[in-house]
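Here the structure is a predicted model, which is why all the values come from computation and not from measurement. In the text below, chain A, chain B and the rest are named by the order of the sequence lines, each starting its count at 1.
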Protein chains: 2
Amino acid sequence: MQRPFVHPALEDITLESVLYALADPTRLAIIRKLASRGCPTNCQTAAPDNLPKSTQSHHYQVLREAGLIRSERRGTEVVNTLRCGEIDGKFPGLVPAIMKAASLSLPDCDGGKPAA
Amino acid sequence: MQRPFVHPALEDITLESVLYALADPTRLAIIRKLASRGCPTNCQTAAPDNLPKSTQSHHYQVLREAGLIRSERRGTEVVNTLRCGEIDGKFPGLVPAIMKAASLSLPDCDGGKPAA
DNA sequence: GCAATAGTTCGGCACTCTTGAACTAATGAA
DNA sequence: TTCATTAGTTCAAGAGTGCCGAACTATTGC
């Protein structure tokens with residue numbers, strides 16, 4: 001828990017890594033939950049129920065290294081925020097198209113309020 | 001070469017499998033080449049240069065089973081066509097957004113003419 | 001200090017990617 | 001028909017990666 005988080009610079013974010021990160025149903029669910037909140041959310045809250053912590057940690061790492069989320073420590077917890085704004089500057093419309101496709105084909109991620 | 005090709009029905013195509021298939025740089029390159037042609041293209045033509053045939057075959061199988069391409073035997077060769085029209089009916093804008101992001105961030109796939 | 005909470009790291013099994021080698025199928029020439 | 005060529009598939013194996021339980025670390029609060 002001591003190693004600092006590594007976030008790629010915008011120019012180092014690649015299309016492949018973004019698609020790879022979102023191709024996993026668990027990670028897609030996490031991103032959808034984060035999007036539906038629109039505010040920093042800690043790891044447990046955004047992850048699907050009953051997901052082992054080590055698996056959560058792994059998925060957050062993948063999402064972070066793909067450039068999709070930004071993680072910050074707050075006391076004992078880690079809060080995650082989407083970097084969709086940045087990514088949308090680099091790949092316009094990409095993440096929204098995937099989120100839209102997810103909402104069309106997948107069950108509601110959260111029952112939560114839609115992103116502001 | 002005798003087993004018939006299996007193509008999923010439109011309702012069996014999932015977002016995850018589409019994203020998974022496109023998350024691989026080799027497969028994304030194949031799809032981009034197919035899109036740039038806009039006509040049925042055989043396997044060797046659409047695959048990157050110097051890719052072993054067995055690897056090609058594997059990637060085409062993944063793309064086929066994800067529902068992204070349709071394959072048909074024509075004599076000794078197999079021609080592949082995109083199913084983007086069908087997929088766009090199910091996930092509107094998804095594949096175009098990925099293709100657009102690819103053209104923004106990746107080197108030109110082919111030097112070929114853009115899709116009609 | 002001790003317990004609880006929130007994540008991380010490690011080890012191992014399973015699955016995937018890639019490739020060479022061997023194989024099958026269709027075509028064309030002799 | 002036979003043979004060679006072309007195009008792609010199937011198999012097996014090594015390298016790499018993902019997922020999860022178990023053990024660990026760090027912070028908070030009593």
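Between the CZ atom of B:Phe5 and the C1' atom of D:dG8 there is a distance of 8 Å, rounded to whole Å. Rounded to whole Å, atom C1' of D:dG8 lies 16 Å from atom CD of B:Glu72. As a whole-Å value, the separation of B:Glu65 CD from D:dT9 P is 12 Å. Across the protein-nucleic acid pair, B:Glu77 atom CD and D:dT5 atom P stand 19 Å apart, rounded to whole Å. Rounded to whole Å, atom P of C:dT19 lies 10 Å from atom NE2 of B:His58. Atom-to-atom, CD1 of B:Ile30 to C1' of C:dT18 comes out at 13 Å; the value is rounded to the nearest Å. Across the protein-nucleic acid pair, B:Leu51 atom CG and D:dT9 atom P stand 13 Å apart, rounded to whole Å. One atom, OH of B:Tyr60, and another, P of D:dG8, lie 8 Å apart when rounded to the nearest Å.
Proximity of a side-chain donor or acceptor of A:Ser36 to a complementary backbone N or O of A:Lys33 within less than 3.5 Å is detected. When atom types are taken as modelled, the side chain of B:Glu86 and the backbone of B:Leu10 share no donor-acceptor pair closer than 3.5 angstrom.
Remark: B:Ile98 CD1 to B:Ile31 CD1 distance equals 10.0 Å, nearest 0.5 Å.
As judged by a 4.0 angstrom heavy-atom cut-off over every strand, B:Arg74 is placed among residues making no nucleic acid contact. B:His59 comes within 4.0 angstrom of the backbone, heavy atoms only, and of no base.
Side chain B:Ser57 to base D:dG8: no donor-acceptor pair is found below 3.5 Å.
Because its NZ or CZ atom is not both nearer than 6.0 Å to the ring centre of A:Phe5 and within 45° of the ring axis, A:Arg70 does not count as a cation-pi partner of that residue.
The side chain of A:Arg64 sits closest to C:dT8 out of D:dT9, C:dT8, D:dG21. When distances run from any side-chain atom of A:Thr55 to the nucleotides C:dC17, C:dT19, D:dC20, the shortest one goes to D:dC20. Taking the side chain of B:Ser54 as heavy atoms from C-beta on, and the options D:dC11, C:dG7, D:dC19, the nearest nucleotide is D:dC11. The side chain of B:Thr76 approaches D:dT6 more closely than any other nucleotide in the set D:dT10, D:dT6, D:dG21.
Using a 4.0 Å cut-off, some side-chain N or O of B:Arg27 falls inside it from OP1 or OP2 of C:dC17.
Each of A:Lys53 and A:Thr26 has a nearest nucleotide on DNA chain D; the 5'-most of these lies closest to A:Thr26.
Here the closest heavy-atom approach between residue A:Ala102 and residue A:Leu28 is recorded as CB-CD2, 4.2 Å.
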